[in-house]
Amino acid sequence: NLMSKAYSIGADFLAGDCITLSSQPAEFGAKAYSVSATVQNDNNKWFASYIQTRSANGVGSDFSAYNRLKFNYKILTNAAAGEKIMLSAAIQDPTISNRLEKDGIELDSSGNWASLSLDINTFIFSSSTTIAAILANTDQIRLYIKVDGDGITTPFVEFIFDNVTMSKQ
């Protein structure tokens, strides 16, 4: 699937690509996707990776049978102690206006691999359609990264992630 990246004003030097992992536990495989930027630490500026789930013929993926978004990740950063690396996640259909959103997820920024399992039922519903309809025609899963701090510095943050899956629990 296609990965793209984006960022807001207040983020700079955005980079994103598939990277080779070395000296990592075997469970994380040989490659992962990385997106990084320097971002103002005010919890409003962001950078993101957009995971395209649409098929080659333009049909969104049917995730209607699933209720969890799961992935492994690792944060590399020079953010000061006390600054939190935050994630916002969105699942959307091709119209972009129909989406499920979850904000305020604090990520482990120790530099170690961690896993995240998000309950879709806790996402905020922003749509004129149903949750099931969005999940039945998912176009993108968007992962937004922010730094929560005093708004003065612009730390470097690299968000490495792998094994993004939808599951039923």
Side-chain angles (χ1 to χ4, degrees), residues 1-56 58 60-61 63 68-97 99-118 123 138-166:
N1 289 341
L2 179 67
M3 300 270 194
S4 57
K5 55 194 177 300
Y7 64 103
S8 69
I9 295 171
D12 205 357
F13 306 112
L14 180 72
D17 205 352
C18 187
I19 60 170
T20 300
L21 299 174
S22 60
S23 304
Q24 302 299 335
E27 66 190 277
F28 299 114
K31 295 193 178 292
Y33 193 80
S34 166
V35 61
S36 62
T38 57
V39 59
Q40 188 176 358
N41 65 349
D42 66 356
N43 203 33
N44 291 309
K45 311 307 188 283
W46 52 266
F47 65 98
S49 182
Y50 299 166
I51 305 162
Q52 191 74 43
T53 63
R54 185 176 0 145
S55 68
S61 297
F63 295 134
R68 298 198 83 74
L69 170 62
K70 300 170 77 173
F71 58 90
N72 298 317
Y73 72 93
K74 177 170 149 172
I75 300 288
L76 302 176
T77 184
N78 64 357
E83 293 182 333
K84 299 175 184 175
I85 310 300
M86 306 299 289
L87 171 77
S88 295
I91 300 170
Q92 64 188 44
D93 74 5
T95 70
I96 300 175
S97 61
R99 63 188 173 278
L100 303 168
E101 299 173 316
K102 178 117 177 131
D103 291 321
I105 303 160
E106 184 177 351
L107 297 175
D108 177 351
S109 59
S110 67
N112 298 316
W113 280 101
S115 62
L116 197 58
S117 180
L118 303 173
F123 280 48
T138 300
D139 180 59
Q140 286 184 340
I141 297 171
R142 294 182 171 197
L143 303 174
Y144 297 90
I145 305 301
K146 303 174 189 175
V147 180
D148 189 4
D150 59 16
I152 296 171
T153 63
T154 53
F156 170 81
V157 179
E158 182 177 14
F159 175 62
I160 303 167
F161 63 97
D162 200 6
N163 300 323
V164 180
T165 59
M166 297 292 286

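Note that the coordinates shown come from a computational prediction; the quantities given were computed from them, not determined experimentally.
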With [X], which residues qualify under side chain to side chain contact (heavy atoms under 4.5 Å, CB included), at least two apart?
X      : answer
Thr77  : Ile75, Ala79, Ile85, Ser109, Pro155, Val157
Thr165 : Lys70
Arg142 : Tyr50, Ala90, Gln92, Ile96, Gln140, Tyr144
Asn163 : Asn72

Student check: side-chain heavy atoms of Phe13 and Thr154 closer than 4.5 Å:
no
Phe123 side chain near Leu118 side chain, heavy-atom distance below 4.5 Å:
yes
Starting at [atom1] of [X], measure out to [atom2] of [Y] and round the result to the nearest 0.5 Å.
X      : Y      : atom1 : atom2 : result
Ser49  : Ile145 : OG    : CD1   : 9.0 Å
Asp162 : Cys18  : CG    : SG    : 8.0 Å
Leu116 : Leu69  : CG    : CG    : 7.5 Å
Asp93  : Leu100 : CG    : CG    : 9.0 Å
Phe159 : Ser34  : CZ    : OG    : 9.5 Å
Phe47  : Thr38  : CZ    : OG1   : 9.0 Å

For a side chain to side chain contact (heavy atoms under 4.5 Å, CB included) with Tyr73, tell me which candidate from Leu143, Leu107, Ile160, Leu87 qualifies.
Leu107
Show your reasoning for whether side chain to side chain contact (heavy atoms under 4.5 Å, CB included) applies to Met166 and Thr138.
CA-CA 11 Å; Met166 297 292 286; Thr138 300; over 6 Å; no
Just jot down the salt bridge (Lys or Arg N to Asp or Glu O under 4.0 Å) partners of [X], sequence neighbours excluded, or say none.
X      : result
Asp139 : Arg54
Asp42  : Lys45
Lys5   : none

Of all residues at least two apart in sequence or in a different chain, which pass the ring-ring contact (aromatic ring centres under 6.0 Å, His included) check with Tyr33?
Phe161
Measure across Ser88 and Asp103 and return the closest heavy-atom pair with its distance rounded to 0.1 Å.
OG-OD1, 2.7 Å
Shortest non-hydrogen separation from Gly149 to Glu83 and the atoms involved
CA-CG, 4.1 Å
Ile19 vs Glu158, side chain to side chain contact (heavy atoms under 4.5 Å, CB included): CA-CA, chis, key distance, verdict:
CA-CA 12 Å; Ile19 60 170; Glu158 182 177 14; 4.2 Å; yes
For [X], what residues pass the side-chain hydrogen bond (donor to acceptor under 3.5 Å, both in side chains) criterion, not counting sequence neighbours?
X      : value
Ser4   : none
Ser8   : none
Asn43  : none
Asn112 : Ser110

Under 3.5 Å: donor-acceptor pair, side chain of Asn41, backbone of Gly151
yes
